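Read the numbers this way: they start at 1 and go in the same order the structure lists the ligands and their atoms. Note that the structure is a prediction, hence the values are computed from the model and not measured.
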Amino acid sequence: MGDKAHGQAMYDLMRRLYPICRSITGNGVRETLQIIQEKVALTVHEVPSGTPVLDWNVPKEWNIRDAYLIAPDGTKIADFQAHNLHVVSYSVPVRQRMSLEALRPHLHTLPDQPDIIPYRTSYYNENWGFCLTHHQFETLPDGEYEVVIDSTLEDGALTYGECVIPGASTDEVLITCYLCHPSMCNDNLSGVVLAAQLAQVLQEMQAAGEALRYTYRLLFIPETIGAITWLAQNRDQVAHIKHGIVATCLGDPGRLTYKKTRAGEAELDHTVMHVLAHSGFDHAVLDFYPLGSDERQFSSPGFNLPVGSIMRTPYGRFSQYHTSADDLALVQPEYLGETFEMYAQVVAVLEGNRTYRNTHPYGEPQLGRRGLYRTVGGAQQIASLQEAIMWVLNFSDGTHSLLAIAERANLPFATIRAAADALLAQALLVEDTTDSSF
Ligand code: ZN
């Protein structure tokens, strides 16, 4: 599959998931996971409401069937059936009549973007509300309104999905996305469909007998409380995580953006920046900051995991963010496909990055005798491979990983990896497992 086909598959899945009303708990999350299970084998966990998780408790479960307002003239407005953003997520049940005056504090609009509906939540403070376009809000007549929110907020569970693809090592690569937003695409369905596509590809590789080096763990969790719940329930597992990526906001037309790990010097940072530098795509790199998504939890000082985020335009920096305009028109298969390709290349570098020792470090081994010296000038590719062989031989002293050599040589990792494979085949390298640098 090329990145076009991946992008289309991701977009098709997004189109199916888009209408579902998700929140941090409830049937929307279960339905979403069920659809992902058509592609990917994953375990669905249900953690009961009230379970203590780190400094938090798993909240009550929220479900909604319907919500709307009936204006004094009998017209139905802010209809949940027309757009699920019309109701504030986690709204408690309401069935009453009230004046516009009394209703107004419960209505949310965007005066600066008067044609679109905002996204609002009230997770940890029992409340209710409606979201509507500012234009509609301005036309609301005085009089008595009928308010209906047919929801339930009661003891239940927090639902999340987990997909583990075992590799040769118990060292893990963690890829997380959050699935708690209702009908919005870039934030956050783009992350969900990318994680699903990546899980599918890795499961297919494993099924085809292609050995993976790392164990891959993909989490489909509600943002914040899901990460906190997973961390609370998997404290023994955390030490296995060597690299982590939060997948979000990766299907819009904006340039690729990498948000670095907390330390900023992890193997993952070098890997992603190397892949982006050789991608030919315009891109930006941001230092870690303790706002944003679940990197806040995984990189909290107690856990301090090396977790970065590969995005396009980050949350909060596109005008459609957290509104009804973050829709199926903003995200396009082409951009999803490009970003997927970056994730796939990052995985390829992590899988292939090793440290070796040159077995003939005194002088240069005679390459011609071993078929490693091209006497006939040729394609640029052969010239690069020849150059890469010299770099790998010189720097494989047990202190430079292949990625470090690729960076120093300014050659793509794949070329350096191919050179190392050619040298390994001639027993000119042995793996050095003592090195802990990247
Ligand atoms: Zn969000």
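Asn353 places a side-chain N or O within 3.5 Å of a backbone atom of Leu403 that can act as its donor or acceptor partner. The backbone N or O of Leu212 sits nowhere less than 3.5 Å from a side-chain atom of Gln206 that would complete a donor-acceptor pair.
A side-chain contact (heavy atoms from CB on, under 4.5 Å) with Leu54 is found for one member of Gln233, Arg235, Gln297 and no other, namely Arg235. Residue Arg262 is tested with Pro290, Pro301, Ser300 for a side-chain contact (heavy atoms from CB on, under 4.5 Å); the sole match is Pro301.
Annotation: protein N, O or S atoms under 2.8 Å of the Zn ion (ligand 1) (waters excluded) comprise His181 NE2, Asp187 OD2, His322 NE2.
Considering NE2 of His6 and OG1 of Thr339, their distance stands at 13.0 Å, rounded to 0.5 Å. Atom CG of Leu385 sits about 9.0 Å away from atom CD1 of Ile416, to the nearest 0.5 Å.
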